[in-house]
J.: 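The structure's right below; bear with me while I get my questions together.
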2 protein chains.
Amino acid sequence: MNTAPTPAPGDDEPRWLTPEEQHVWRSYIEAATLLEDHLDRQLQRDAGMPHVYYGLLVKLSEAPRRRLRMTELARSAKITRSRLSHAVARLEKNGWVRREDCPSDKRGQFAVLTDEGREVLRRTAPGHVAAVRQAVFDRLTPGQQQALGEIMRIVAEGLQPGEAGADLPWLR
Amino acid sequence: MNTAPTPAPGDDEPRWLTPEEQHVWRSYIEAATLLEDHLDRQLQRDAGMPHVYYGLLVKLSEAPRRRLRMTELARSAKITRSRLSHAVARLEKNGWVRREDCPSDKRGQFAVLTDEGREVLRRTAPGHVAAVRQAVFDRLTPGQQQALGEIMRIVAEGLQPGEAGADLPWLR
DNA sequence: AGCTTCTTCTTGAAGGTTAAACAAGTTAGG
DNA sequence: CCTAACTTGTTTAACCTTCAAGAAGAAGCT
C-alpha cells in the first residue's frame, strides 16, 4: 500500500509491497469484499440471514446429532465465542437452532439444529450453491480451483494457532 | 455445502459442489475470515480503525489532490455510499479526513485526507505491510502469488458490473 | 477440603453495517 | 422552460460485531 522508496541495507526500512504484490493484494481485497457482499445479499434475500449464520447452520447440519458445543462450533466457523453467542441467540429466536445443556459439563451448551432450521437449509441451499458456482467455480479452470484451495489452506494455516488473545486463545 | 445425491439428467437437481470444490470453498471461507479478522485486529490495535477505513485513507492518499468524490471513493473501495458516508463521518471526527464541497456539482462532496490523516498512515503503514506480508506473501511462492492475483481478478470482475441494485447500481 | 486457575458461555455497551427513504441538485426530452 | 427521471450524498432504525467484563463450573494443587 505504498511505493518502495529504497531498500536500504541493514536498515529497518519496511519492506513495502512490490508493484506486483500490490496488484495481487488489491485484487484479493476487492474480490473478497465483493464476494462476501454478494453472498451476504443473496442469503439475506433468500434465506433471511447473513452468510456467517448460514454457515453455522451448515456446520450443525453435518454434526453427529446435528448438535455442536458452542466452543467447537465457534472454532470450526472461525468466529469468537461472543459472536457465536449473539448469533445463536438470533437463530434461536428464528426457531432454526435450539440450545441444550451439556450433561457432562454443566457450563456447556449445545447448539442444536431444529427441524425448521434443517428445512430452511434444504430450501435455500440450492440457490446458495448456484450463487457460489456462478461467482467462483464457473469462472475458474480446474487448475485455478486447485491452486486457490492450496493457497487459502496455507494462509489459513498461518493464521490459526496464534499465541493467545483475549477471548479467543486459538484466534490469535 | 452438501453432498451430491445424484446428478440426474434433464432435471433441475442443483449442481452441488463436488468434494474437491467443497474443500476449496471451505478453505477460502476460512482463510478469508481469519485474514480479515487478523488485519482488522492489527489495525484496530495499531491505528485505531478497522481495515476498511484504513483502505479509504490509502485510496485518498493516492488520489490527485488527496481528495476523491464520495461516489468515486465508494466505488473504488467497493463499498456502498451509505457505508462510506458513515465511515467518513467517523474519520472526520478523528480529524483524518475532511469534507469539502464540490464547486462544479452542488450535490457533490469531496473526502479529503488531512495532514493528520496522512501522518497516521505514515506511522502505521509499515506495521500493516508487515502484517500482510507475514500472513500472505511470505507464505506463498511467486507462482502462487501470481495465481492468486489472477484468480481474484477474475472473481472480482464477475461481480463488478451486475444488473442494478438498490443503493449500488455498480455493486451487484 | 480449600484455594487458585482455567474454561465455558453470556452480557452490555460502543461501534460498524445494511436497507430503505429522502432532500437537493442535475440531466434529458418535449 | 418544465417536467420526469436520475444522481449524489445523508439519515434513521434495525441489525451485527467487537471488546471488556463477569458468572458459573471444572481442574489442579497442597
Side-chain angles (χ1 to χ4, degrees), chain A residues 33 36-45 47-56 68-75 77-94 97 99-111 164-172, chain B residues 33 36-45 47-56 68-75 77-94 97 99-111 164-172:
Chain A
T33 305
E36 187 56 25
D37 269 25
H38 182 65
L39 296 181
D40 258 341
R41 224 157 258 146
Q42 187 267 315
L43 283 169
Q44 194 67 59
R45 172 164 53 72
M49 69 188 129
H51 190 200
V52 192
Y53 289 29
Y54 179 88
L56 297 175
L68 242 28
R69 286 286 297 271
M70 294 296 277
T71 294
E72 204 180 336
L73 180 50
R75 184 190 322 259
K78 266 72 194 169
I79 64 177
T80 62
R81 285 195 305 264
S82 172
R83 187 176 177 182
L84 179 62
S85 223
H86 289 293
V88 167
R90 201 272 225 183
L91 291 170
E92 201 169 20
K93 202 165 358 176
N94 281 292
V97 165
R99 279 183 227 246
E100 235 173 74
D101 292 347
C102 173
S104 62
D105 185 338
K106 281 180 209 154
R107 296 167 301 180
Q109 289 276 103
F110 280 106
D167 201 334
L168 31 155
W170 35 279
L171 217 186
R172 242 229 117 174
Chain B
T33 304
E36 188 54 27
D37 269 24
H38 181 64
L39 296 180
D40 258 341
R41 225 158 254 142
Q42 186 269 315
L43 283 169
Q44 194 68 58
R45 171 164 54 70
M49 66 186 133
H51 189 202
V52 191
Y53 287 29
Y54 179 88
L56 296 175
L68 242 29
R69 285 286 297 272
M70 294 295 278
T71 295
E72 204 179 337
L73 180 51
R75 184 192 319 261
K78 265 74 193 166
I79 63 176
T80 62
R81 286 192 307 253
S82 172
R83 187 176 178 184
L84 178 62
S85 223
H86 290 293
V88 167
R90 201 273 224 179
L91 291 171
E92 200 169 22
K93 204 167 355 182
N94 282 297
V97 165
R99 278 184 228 245
E100 236 173 72
D101 291 346
C102 173
S104 61
D105 184 339
K106 284 179 208 155
R107 296 166 303 180
Q109 288 277 102
F110 280 105
D167 202 334
L168 30 154
W170 38 279
L171 215 184
R172 233 250 115 174

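Any value given below was found using the heavy atoms of this structure, including those in side chains, with hydrogens, waters and symmetry copies removed. To find a chain, count down the sequence lines: A is the first, B the second, and so on, and within it residues start at 1.
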J.: Between B:Gly108 and A:Lys106, which is nearer to the 5' end of DNA chain D once each is assigned its nearest nucleotide?
T.: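 Residue closer to the 5' terminus by nearest nucleotide: B:Gly108.
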
J.: Might you point out which heavy atoms bring B:Leu84 and B:Met70 nearest each other, and give the distance in Å?
T.: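 Reported closest heavy-atom pair: CD2-O, 3.0 Å.
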
J.: Check A:Arg41 against B:Thr80 and note the closest heavy-atom contact, atom names and distance.
T.: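 A:Arg41 and B:Thr80 have their closest heavy atoms at NH2-CG2, 4.1 Å.
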
J.: Are B:Ile79 and B:Leu56 packed together at the side-chain level, in the sense that at least one heavy-atom pair is separated by less than 4.5 angstrom?
T.: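 In contact.
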
J.: Within the structure provided, determine whether B:Cys102 and B:Lys106 are in side-chain contact (heavy-atom separation under 4.5 Å).
T.: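 No, too far: nothing below the 4.5 Å cut-off.
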
J.: Over how many whole Å does the gap from B:Arg81 atom CZ to D:dC6 atom P extend?
T.: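 To the nearest whole Å, that distance equals 14 Å.
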
J.: Of all residues at least two apart in sequence or in a different chain, which pass the side chain to side chain donor-acceptor pair (under 3.5 Å) check with A:Arg69?
T.: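 By the side chain to side chain donor-acceptor pair (under 3.5 Å) rule, A:Arg69 matches no residue at all.
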
J.: Take atom CD of A:Glu92 and atom P of C:dC9, then tell me their distance rounded to the nearest Å.
T.: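 Interatomic distance, CD of A:Glu92 to P of C:dC9: 14 Å.
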
J.: In whole angstrom, give the distance that lies between atom CG of A:Leu91 and atom C1' of D:dC15.
T.: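 Value for this atom pair: 13 Å.
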
J.: B:Glu92: what forms a salt bridge (Lys or Arg N to Asp or Glu O under 4.0 Å) with it, not counting sequence neighbours?
T.: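 Testing B:Glu92 for salt bridge (Lys or Arg N to Asp or Glu O under 4.0 Å), a comparison that skips the adjacent residues, returns B:Arg99.
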
J.: Separation of B:Arg99 atom CZ from D:dT8 atom C1', in whole Å?
T.: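 The answer, rounded to whole Å, is 12 Å.
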
J.: Which whole-number value in Å describes the distance from B:Leu43 CG to D:dT18 P?
T.: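 Nearest whole value for this atom pair: 14 Å.
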
J.: May I ask you to verify if any side-chain N or O of B:Arg41 is less than 4.0 angstrom from the OP1 or OP2 atom of D:dC19?
T.: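 Yes.
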
J.: What about A:His86: does its side chain form a donor-acceptor pair under 3.5 Å with the base of C:dG12?
T.: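 Result: at least one qualifying N/O pair found.
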
J.: End-to-end bend of the helix from C:dA1-D:dT30 to C:dG30-D:dC1 (five-pair axes, 10° rounding)?
T.: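 Rounded value for the end-axis angle: 20°.
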
J.: For nucleotides 14-16 of chain C, give me every protein contact, N/O to N/O, under 3.5 Å, one pair per line with atom names.
T.:
{"unit_1": "C:dG16", "atom_1": "OP1", "unit_2": "B:Arg90", "atom_2": "NE", "d": "3.0"}
{"unit_1": "C:dG16", "atom_1": "OP1", "unit_2": "B:Arg90", "atom_2": "NH2", "d": "2.9"}

J.: By nearest heavy atom, map A:Arg107 and A:Ser85 onto DNA chain C; which one lands nearer the 5' end?
T.: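 Result of the comparison: A:Arg107.
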
J.: Could you check how far CD1 of B:Ile79 sits from C1' of C:dT17, rounded to whole Å?
T.: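 The distance from CD1 of B:Ile79 to C1' of C:dT17 comes to 10 Å, rounded to the nearest Å.
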
J.: Is a donor-acceptor pair below 3.5 Å formed from side chain B:Ser82 to base D:dT11, judging by atom type as modelled?
T.: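 Present.
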
J.: For B:Arg90, enumerate each residue passing the side-chain contact (heavy atoms from CB on, under 4.5 Å) test, keeping only those at least two apart in sequence or located in another chain.
T.: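 With sequence neighbours excluded, B:Arg90 shows a side-chain contact (heavy atoms from CB on, under 4.5 Å) to B:Gln44, B:Met49, B:Pro50, B:Tyr53, B:Asn94, B:Trp96, given in chain and number order.
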
J.: Go through the steps for B:Val52 and B:Arg83 under the test side chain to side chain contact (heavy atoms under 4.5 Å, CB included), then give the verdict.
T.: CA-CA 10 Å; B:Val52 191; B:Arg83 187 176 178 184; 3.3 Å; yes

J.: With a 3.5 Å distance limit and no angle check, can you tell me whether A:Asp101 reaches the backbone of A:Pro103 through a side-chain donor-acceptor pair?
T.: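 No, because the side chain of A:Asp101 does not come within donor-acceptor range (under 3.5 Å) of the backbone of A:Pro103.
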
J.: Separation of A:Arg69 atom CZ from C:dC9 atom C1', in whole Å?
T.: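 Result: 9 Å.
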
J.: Can you check the B:Gln42 CD to D:dT18 P distance for me, whole Å?
T.: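 Rounding to the nearest Å, CD of B:Gln42 and P of D:dT18 are 16 Å apart.
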
J.: Could you say whether B:Glu72 or A:Val52 is positioned toward the 5' end of DNA chain D, judged by the nucleotide with the nearest heavy atom to each?
T.: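 Comparing both residues, the 5'-ward one is B:Glu72.
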
J.: B:Gln42: which residues meet the side chain to side chain donor-acceptor pair (under 3.5 Å) condition with it, sequence neighbours left out?
T.: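 If we apply the side chain to side chain donor-acceptor pair (under 3.5 Å) test to B:Gln42, skipping adjacent residues, the hits are B:Asp46, B:His128.
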
J.: Mind checking A:Asp40 for me? I need base, sugar-phosphate or nothing, with any heavy atom below 4.0 Å counting as a touch.
T.: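 The residue A:Asp40 makes no contact with any strand.
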
